[in-house]
Amino acid sequence: MRSRTYVEAALRRAVAELGWTWPEKATVEAPKRPEHGDLATNVALVLPQEAGGNPRIRAEALRERLVADYAPNLAAVDVAGPGFLNLTLSPAFWQGTITRVMEDPCFGKSSLGQGKKAQVEYVSANPTGPLHIGHGRGAAVGDSLARILRFAGYEVHTEYYLNDAGRQMRLLGLSVWVRYQQLCGRQLPFPEDGYQGDYIAHIAARIHRERGEELLSWDEATAQDFCYQEGMNEILEGIRQDLRHFRAEHEVWFSEKSLVEAGAVAATLADLQAKGFAYEHEGALWFASTRFGDDKDRVLRKSDGSLTYFASDIAYHAHKIGRGYDLMIDIWGADHHGYVPRMKAAIAALGKDPESLQIILVQLVNLLREGQQVAMSTRAGTFETLADVCAEVGVDAARFLFLSRKSDAHLDFDLEVVKRQSMDNPVYYVQYAHARIRSLQRKAREAGIGLPEKPVPELLALLATPEDLALLKALDGFGDAVELAARTLSPHHVSYYLMELAGLLHRYYTEHPVLAAEEPALRDARLLLLEAVRRVLARGLDLLGVDAPTRM
RNA sequence: GCGCAAUUAGCUCAGUUGGAUAGAGCGUUAGCCUCCGGAGCUAAAGGUCGCAGGUUCGAUUCCUGCAUUGCGCACCA
C-alpha cells in the first residue's frame with residue numbers, strides 16, 4: 001500500500017475511534033517543506049465545530065491514537081501551526097516500496113476508473129490533406145490519455161471520427177477532378193475554395209497514370225465521385241501511416257457517412273423534436289441549445305434541406321451514449337472552443353449528464369526554427385506536416401514535448417531546440433536515466449553479478465541515506481502522479497513526475513557507487529533500488545508513448 | 001460589443017482543485033572528470049504569483065472589477 005493510502009486509512013480509523021466522521025474537505029498530502037514530515041493532513045482543521053475543542057486539541061487527540069496504533073511504521077507525529085498533523089513514516093515503510101514495485105507488475109495502477117467505460121476520440125481530422133503538427137499534439141494527448149486512463153482502471157476505447165460526408169469532401173473530389181482534367185490538357189480555372197496542396201496534384205497524377213484519360217468519357221458526377229474516393233483513400237492511408245508511426249493507433253474508425261446512411265441523423269433529429277428540444281423556424285430546423293445554457297439556438301437542418309455538421313455530431317454522440325460510455329473524451333483544437341457549450345447542451349438534451357462529456361482543448365502549436373517562426377503555408381515541402389517534423393526530431397522528442405505542457409496552453413515547438421540533446425529537451429534526460437541503469441545492469445552481468453532473488457528487509461534496510469529515501473519516496477509517489485493525471489485528464493503530470501524521478505536518479509548515481517559499493521550486500525540493495533526505479537521509469541514513459549531505451 | 005482562455009524568476013513553463021517560508025529547466029556566476037555513461041552532478045544569485053478589492057483561521061489557487069495578449073462569436077467546416 002502506498003504511503004498516502006496507508007496514512008489516510010490510519011487517520012480515518014483514528015477519526016472514527018474518536019467518534020467523529022471524516023470530513024469531505026480533509027486532505028492528506030505531501031507537504032512542500034520536508035520538516036513538515038512525509039505527509040500532512042488538515043483533518044483536525046476541517047472537522048466541524050461539534051467535534052469539540054479547537055483544532056489543536058483535536059489534532060492532539062488524533063496524535064495520541066496514531067502513536068498508539070501505528071508505532072512501527074510511524075516514526076513521528078507532530079501537531080503544528082493552527083492544527084496540522086505532520087506524519088513521518090519510518091525508513092522501513094519506505095524501503096518496503098521496493099518490494100511493492102518488484103512484486104506488483106502493475107505498480108502504480110489505480111482503481112479510479114474501476115468498472116467504468118471511457119472513450120477517447122482524438123485527431124478526427126478531415127481527410128482532406130496530410131496531418132500537420134497541430135494534429136500531432138492532439139494525437140499525443142489523446143493516445144497518452146487513453147494509456148493513462150487504462151492504467152487508472154478504466155476500460156478505454158479510442159476512436160477517430162471520420163468526416164467522410166458533406167461539403168469538404170465534395171470539395172476534395174472537385175479539387176482532384178479539376179487537377180486531373182488540367183493534366184489531360186483542359187484549360188480550367190481551379191475552384192476558389194479548392195485544396196491547393198501538392199498532394200492533390202499527386203493524387204490526380206496517379207489517377208492519370210493508372211487510368212489515362214478514361215475519366216473524361218464518364219459523366220461529371222461519376223468522375224468527381226471517383227476522384228473523391230481515390231483522393232480520400234490515399235489521404236486516409238497517409239494519415240493512418242503517420243499515426244501508426246507516431247504510435248497513436250485508433251481502435252475504431254467511425255464513418256460519418258455510415259451514420260447518415262443508417263438514418264441515425266434523421267432519427268436523432270426526430271428524437272430531439274419529439275422531446276421538444278428542436279423546432280422549425282424560417283424553413284430551418286433549430287436545436288434549442290439556449291435551454292441548456294448556450295448563447296443562442298443552433299441550426300440542425302438548413303432551409304435548403306441539407307444537414308449541418310452539428311446535426312451529425314449530435315447523432316454521433318448519441319451513438320456513443322448508446323454504447324454505454326461513462327466518460328466520453330473529445331480532443332479538439334482550441335479554436336473550436338466556441339463549439340463546447342452547444343455540444344454539452346446536446347448531451348444534456350439527449351438525457352445524459354453533460355459532465356460525462358469532457359472536451360480537452362488543445363492549443364495551437366507555434367512551429368519555430370531557432371526562434372524564427374516557420375511559415376505555416378499549406379504547401380508541402382516546408383516542415384509543417386507531422387511526418388516531416390517526426391522525421392527531423394524523432395517521435396520520442398515530439399511526443400514528450402507535446403506532453404510536457406498543459407494541453408490548453410500555447411506551445412512553442414522549436415525544431416532546433418527539440419533536436420538538441422540537453423536539458424532544454426527533457427526527453428533525453430529521462431531516457432538517459434533509464435539507459436544509465438540498463439548500462440549498469442549490463443556491467444553487473446558481465447561481472448557475474450545478478451539481481452538478488454528477493455528484496456528481503458535485511459537488505460533493504462541498508463538503503464537509508466537521504467538519497468535512498470528521496471528515491472524511495474519518489475517511487476511511492478508514482479501512483480499519485482498517475483492518478484492526478486487521470487483525474488485531471490492531464491498527461492503532463494506524468495512527464496513532470498518522470499523528470500523529477502530521473503533527476504533523483506542522476507543525483508544518486510553520482511553520489512553512491514553501485515557496483516563499487518563498499519560491501520556486496522550494499523551493492524545488491526542498490527541494484528534492487530535501481531531496478532525498481534528503472535521499472536517505474538519504463539512504465540511512466542510507456543504511459544506517454546515514449547521509448548525507454550537500453551542504450552543511447 | 002459579447003464569450004472562452006492565458007498572465008508565476010531575464011526566457012520557457014509546473015504548481016496535486018484553499019494550506020505552512022513560491023517550484024523546475026534554460027540562461028548567468030562559482031565548482032565537480034585517477035571514480036559504474038559528463039547526454040551527468042553540486043552551489044549561488046534571481047519573485048509585489050498582471051493590478052485593485054472581496055470571501056476565511058489561511059488565497060498563486062475561489063468571487064467581482066480592471067488591464068494586456070490569444071482565440072472564438074454563420075442556415076462554414
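Everything quoted here is computed from the prediction, not taken from an experiment. The sequence lines fix the lettering, A, B, ..., with proteins before strands; numbering per chain opens at 1.
- Nucleotides B:C33 and B:G38 place their P atoms 13 Å apart, quoted to the nearest Å.
- Annotation: B:G46 and B:A30 have their C1' atoms spaced 15 Å apart (nearest Å).
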Base versus backbone protein contacts along nucleotides 13-18 of chain B [heavy-atom cut-off under 4.0 Å; B, S, -]: SSSB--
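- Contact of A:His336 with B:G72 (side chain to base): no donor-acceptor pair of N or O atoms is detected under 3.5 Å.
- Computed from coordinates, the A:Gln363 CD to B:C71 P distance equals 9 Å when rounded to whole Å.
- Checked against B:G37, B:C75, B:A77, the side chain of A:Ala284 finds its nearest nucleotide in B:C75.
- Aromatic pair A:Tyr160/A:Phe254: centroids not less than 6.0 angstrom apart.
- Remark: the separation of the C1' atoms in B:G65 and B:U29 is 44 Å, to the nearest Å.
- An anti base is found at B:C63: its glycosidic angle is more than 90° from 0.
- Taking only side-chain atoms of A:Pro513, from C-beta outward, the nucleotide of B:C36, B:C75, B:U42 with the closest atom is B:C36.
- Within the 4.0 angstrom heavy-atom criterion, no nucleotide atom of any strand lies near A:Ala481.
- Rounded to an integer number of Å, the gap from A:Asp414 CG to B:C26 P is 17 Å.
- When the C1' atom of B:A74 is taken as reference, atom NZ of A:Lys296 falls 7 Å away, rounded to whole Å.
- Put simply, CG on A:Asp295 is 17 Å from P on B:G1, counting in whole angstrom units.
- Below 30°, between 30° and 60°, or above 60°: for A:Trp332 and A:Tyr339 the angle between ring planes is above 60°, a perpendicular geometry.
- The shortest distance between the side-chain N/O atoms of A:Lys302 and the OP1/OP2 oxygens of B:C76 is below 4.0 Å.
- Every residue meeting the side-chain hydrogen bond (donor to acceptor under 3.5 Å, both in side chains) condition with A:Glu416, not counting sequence neighbours, appears here in chain and number order: A:Arg369.
- Side-chain rings of A:Phe402 and A:Phe413 approach one another, their centers coming within less than 6.0 Å.
- Look at A:Lys419 and A:Glu392 and you find a salt bridge, because one of the NZ, NE, NH1 or NH2 atoms lies within 4.0 Å of a carboxylate O, short of that distance.
- Not counting sequence neighbours, the partners of A:Leu357 by the side chain to side chain contact (heavy atoms under 4.5 Å, CB included) test are A:His317, A:Met328, A:Asp330, A:Met343, A:Ile347, A:Ile359.
- A gap of 45 Å separates the C1' atoms of B:G37 and B:U48, to the nearest Å.
- The side-chain hydrogen bond (donor to acceptor under 3.5 Å, both in side chains) test applied to A:Ser404 returns no partner, not counting sequence neighbours.
- If you take atom P in B:G18 and the same atom in B:U60, they sit 13 Å apart, rounded to whole Å.
- Note on A:Leu45: a base of the nucleic acid sits closer than 4.0 angstrom, heavy atoms only.
- The listed nucleotides are B:A77, B:G38, B:A20; the one nearest the side chain of A:Tyr509 is B:G38.
- The line from CG of A:Leu501 to CG of A:Leu537 is 4.5 Å long, rounded to the nearest 0.5 Å.
- Going from atom OH of A:Tyr339 over to atom C1' of B:C76 covers 10 Å, rounded to whole Å.
- In RNA chain B, the stems built from three or more successive Watson-Crick or G-U pairs (distances below 3.5 Å) are B:1-7 with B:67-73, B:10-13 with B:23-26, B:28-32 with B:40-44, B:50-54 with B:62-66.
- When each of A:Ala517 and A:Ala502 is assigned the nucleotide of RNA chain B with its nearest heavy atom, A:Ala517 is the one assigned upstream, toward the 5' end.
- Considering only the side chain of A:Trp286, B:C75 comes nearest among B:C75, B:G19, B:C76.
- The side chain of A:Tyr429 contributes an N or O atom lying less than 4.0 Å from OP1 or OP2 of B:C41.
- Per the geometry, CG belonging to A:Asn425 stands 13 Å off P belonging to B:G27, to the nearest Å.
- Counting any heavy atom pair closer than 4.0 Å across all strands shown, A:Glu282 reaches a base atom.
- Rounded to whole Å, the separation between the P atoms of B:U69 and B:U8 comes to 15 Å.
- Note on A:Arg534 versus A:Glu531: salt bridge recorded, some NZ/NE/NH1/NH2 to OD/OE distance being below 4.0 Å.
- The OG1 atom of A:Thr465 sits 5.5 Å away from atom OH of A:Tyr508, with the distance rounded to the nearest 0.5 Å.
- No N or O donor and acceptor, one from the side chain of A:Asp313 and one from the base of B:A77, sit under 3.5 Å apart.
- The side chain of A:Lys443 contributes an N or O atom lying less than 4.0 Å from OP1 or OP2 of B:G37.
- Taking the syn range as angles within 90° of 0, the glycosidic angle of B:U17 is syn.
- Counting atom types as modelled, A:Ser439 pairs a side-chain N or O with a base atom of B:G37 as donor and acceptor under 3.5 Å.
- Side-chain atoms of A:Thr308 and base atoms of B:C75 include no donor and acceptor less than 3.5 Å apart.
- A salt bridge links A:Glu280 with A:Arg301: the closest approach of a Lys/Arg side-chain nitrogen to an acidic carboxylate oxygen falls below 4.0 angstrom.
- Across the P atoms, B:A9 and B:U61 are found 15 Å apart, a figure rounded to whole Å.
- At whole-Å resolution of the value, CZ in A:Arg526 and C1' in B:C35 are 14 Å apart.
- The residue among A:Asn163 and A:Asp335 whose nearest nucleotide of RNA chain B lies closer to the 5′ end is A:Asp335.
- The C1' atoms of B:A44 and B:C71 are separated by 41 Å, rounded to the nearest whole Å.
- Contacts of A:Ala80 classified as side chain to side chain contact (heavy atoms under 4.5 Å, CB included), with partners at least two apart in sequence or in another chain: A:Asn86.
- The nearest whole Å value for the distance from the NE2 atom in A:His337 to the P atom in B:C73 is 8 Å.
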